[in-house]
Amino acid sequence: MALPCHMTVVPDDLEKKWMFLGRGGFGCVYKARHKGLMFDVAIKLLNDDVRCSSSTLVPKEKELSKEVNHMDQASCEYVLRVYGIFEGIPPIDGFSMVKGIVMEYMDRGSLETLLEELSGPPPWPLAFRLAHEVALGMNFLHSRELVHQDLKTSNVLLTDEFHAKLADFGLSRVSNSAINSNRETTGEEGGSYKYMPPEALLNASYIPSRAFDRYSYGIFLWSLFTGKEPYPRAQRDLVENKVGKQGQRPPCDALKQEKVAGLEDLVKLMNSCWDHDPSERPTFKACLEVTEMVFLNHKGNVRGAVDQVLVSLNPDLIRSVPPSIPRQTPEQSGSDDTMDGITERFSTQELDSGSAETMSDKDKAKFVDDNKFTLIEKVTKVMAIVAELGDMIHSELQTDIAVTPKPQEKMRILVGTILRSNVESVTAAFYNALKKHQPGLVKELDG
C-alpha cells in the first residue's frame, strides 16, 4: 500500500540528538530538531508490527499509511499537524531501518500532564476554552467521517498558550481494546477503557461509531473540570461491571455546588454525553452550541487564567526584589553625572513627592488591588511600566505583553499576574512605576 505523498524525512534531515517523549502500543515518540525547518518536531516510530482488532498482525506500513491519511483528512487548527514520513535508521540504540510519522511538537505536553502539574483543574475560563476547542476538533473529525475512539486527557495536547489539539486518532482506531499511552509502564491499559462507552466495554465485536466519541467527551469533561482521573485504580473488569452493567458514572456533586456561570449547562451536557443509550448522546455540533455560549461568556478572562497557570507552573515569572536601597539625592551625589542612572529610573516628581516615599509596600499593593479595573481601563503607557520593572518580570511574560495589541489587554495581563503573585515588593515597584509614568491617573485615584 503506497504511502500518501508527503515530505520524506531521513536521519540527515534531523539533528542527531533525539529526546525520548513517551511509549505506547504503537511504538515510541521522540523529539528532534529539523535542520531545514529550523524547529522541533515529534517523530512517532512504529513497532515492527501493530495488532488490529482481529488480533492478527498487519504490516507497520499499512498502519502508518492509515494514520497519516486520517491526519490529512483532519487537518485543522484543533488537530495535530503532520509534516511528513520518516524513513531510516534513527540515532538510537536498538533500532534498524524503521518508518514513522513526523508531526507537530507540542512543548506543553498533554492536558493530562497539566492537570497533574496543577494538582487539579485549570481556572474556569481556560477550562471552558479547552472544552470548546476539543469539541471543535471532534466535530471536525466527525464531519470527515472519522472516529477518534481514544479521546482522553492524555490525547489532548497543548500549545504554548494552552490551546488544545487532538492527537492519536489514527492508530487509536486499530483496536477496540485500549492503545497504551504513557501509562503503559503502570500495567494499566492507558486508562482508555475508563473512557469507553458501555456498549464497547461489554461487546468485544463492537464496531466504533460516533456515539463512542460522544461518550468519551462526557468523561473527558468530567476529568477536565475536576482535575481527576475517572475511576482511579479501578481495573477494567470493575469498570465493565459498574459502568457497563450497573450504569454508574463519575460523581458530579462537587461540580454542581460550584457557582460559576455556565457550568450548570456544561454539567447537563456532560450527563447527556455519557447517556447509557447511544442514540441519546448529542452530536458534537449540538455540544458546540453549549460550549461556545459558555466560552464566549468567559472569553475576556481567559488571558488572566493563562497567566495564572503560567505563574503556577513557573513562579519565577514574577521575581521578588530585595529591600529598597535609599535613593541618592543631588546633595549626596557630588556631581551631576552620578545622578544620570537615578533620573532615568525615577522621575523628579516622584522624588519630590512625599506620598510614594511614605506609603508602605502594603499600602501600595492595596492601592493597586483596589483600583485594578480602572488601571486596566485607563493606563496607556504599559510597556514603559514593564521596562521600569525590568528583571522583576520574566522575559517570557514581557514578550507576551509586548505582542498583545491593545493597551487594556496588556494591562490586564500585567496587573493580573502581579496581583496573583502575592509578592508585595513587586506590586509596590509597579505602583512606583505607575506613579512615574502616569502621575495624573495615580493622583486622581489617590484623591
Side-chain angles (χ1 to χ4, degrees), residues 301 303-304 306-308 310-312 314-330 332-333 336-447:
N301 297 318
R303 180 68 260 172
V306 169
D307 293 333
Q308 183 178 342
L310 288 172
V311 172
S312 297
N314 182 10
D316 287 340
L317 284 173
I318 293 292
R319 298 190 172 105
S320 298
V321 293
S324 57
I325 301 172
R327 298 175 187 148
Q328 193 176 33
T329 64
Q332 294 170 325
S333 67
D336 290 340
D337 293 339
T338 57
M339 278 298 295
D340 287 346
I342 294 177
T343 53
E344 283 291 323
R345 189 164 177 84
F346 303 102
S347 68
T348 303
Q349 187 174 16
E350 181 181 340
L351 286 170
D352 291 341
S353 169
S355 63
E357 294 302 318
T358 57
M359 284 178 70
S360 67
D361 284 0
K362 183 176 181 180
D363 289 338
K364 293 176 183 178
K366 185 177 185 305
F367 172 91
V368 175
D369 189 36
D370 289 347
N371 296 286
K372 55 182 178 289
F373 297 114
T374 304
L375 296 177
I376 290 170
E377 184 65 29
K378 293 189 175 183
V379 171
T380 56
K381 299 181 180 180
V382 186
M383 293 313 299
I385 294 171
V386 170
E388 200 77 30
L389 294 173
D391 60 5
M392 286 182 246
I393 303 295
H394 195 282
S395 58
E396 291 179 20
L397 188 59
Q398 292 188 34
T399 301
D400 194 17
I401 295 171
V403 300
T404 301
K406 295 182 179 179
Q408 289 85 357
E409 288 304 311
K410 290 177 185 285
M411 200 62 181
R412 190 187 305 279
I413 296 171
L414 181 58
V415 171
T417 307
I418 284 176
L419 290 178
R420 281 191 300 274
S421 73
N422 290 320
V423 181
E424 213 168 68
S425 56
V426 174
T427 311
F430 169 80
Y431 173 91
N432 293 338
L434 181 67
K435 188 173 178 65
K436 171 183 174 179
H437 292 284
Q438 300 215 219
L441 177 59
V442 173
K443 185 176 180 180
E444 174 189 333
L445 296 174
D446 230 353

Any Val311 side-chain heavy atom under 4.5 Å of Gln308 side chain | no
Under the salt bridge (charged side-chain N to carboxylate O under 4.0 Å, His left out) test, residues paired with [X] that sit two or more places apart:
{"X": "Lys362", "result": "none"}
{"X": "Glu409", "result": "Arg412"}
{"X": "Asp370", "result": "Lys366"}

Sub-3.5 Å donor-acceptor pair from the side chain of [X] to the main-chain atoms of [Y], do we have one?
{"X": "Gln438", "Y": "Lys381", "result": "yes"}
{"X": "Lys410", "Y": "Val382", "result": "no"}
{"X": "Gln398", "Y": "Ile393", "result": "yes"}

Nearest-0.5 Å distance that lies between atom [atom1] in [X] and atom [atom2] in [Y]:
{"X": "Asp363", "Y": "Thr427", "atom1": "CG", "atom2": "OG1", "result": "12.5 Å"}
{"X": "Ile385", "Y": "Leu434", "atom1": "CD1", "atom2": "CG", "result": "5.0 Å"}
{"X": "Met411", "Y": "Leu414", "atom1": "CE", "atom2": "CG", "result": "5.5 Å"}

Among residues at least two apart in sequence or on other chains, which ones pass side-chain contact (heavy atoms from CB on, under 4.5 Å) with [X]?
{"X": "Ala402", "answer": "Met383"}
{"X": "Thr374", "answer": "Lys378, Leu445"}
{"X": "Asp369", "answer": "Lys372, Leu419"}

Can Leu389 and Ile418 be said to form a side chain to side chain contact (heavy atoms under 4.5 Å, CB included), step by step?
-> CA-CA 11 Å; Leu389 294 173; Ile418 284 176; 4.0 Å; yes
What is the minimum heavy-atom distance between Asp361 and Ser425, and which atoms define it?
-> OD2-CA, 4.0 Å
Scan for ring pair (Phe, Tyr, Trp, His ring centres under 6.0 Å) pairs involving residues 361-380, sequence neighbours excluded, and state none if there are none.
->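 Listed once each, the pairs are Phe367-Tyr431.
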Which residue pairs satisfy the ring pair (Phe, Tyr, Trp, His ring centres under 6.0 Å) criterion with at least one member in residues 395-430, sequence neighbours excluded?
-> none
Residue of the set Lys364, His437, Glu388 for which side chain to side chain donor-acceptor pair (under 3.5 Å) holds with Asn432 | Lys364
Would Glu444 and Leu441 satisfy side chain to side chain contact (heavy atoms under 4.5 Å, CB included), going step by step from the backbone distance to the final call?
-> CA-CA 5 Å; Glu444 174 189 333; Leu441 177 59; 4.2 Å; yes
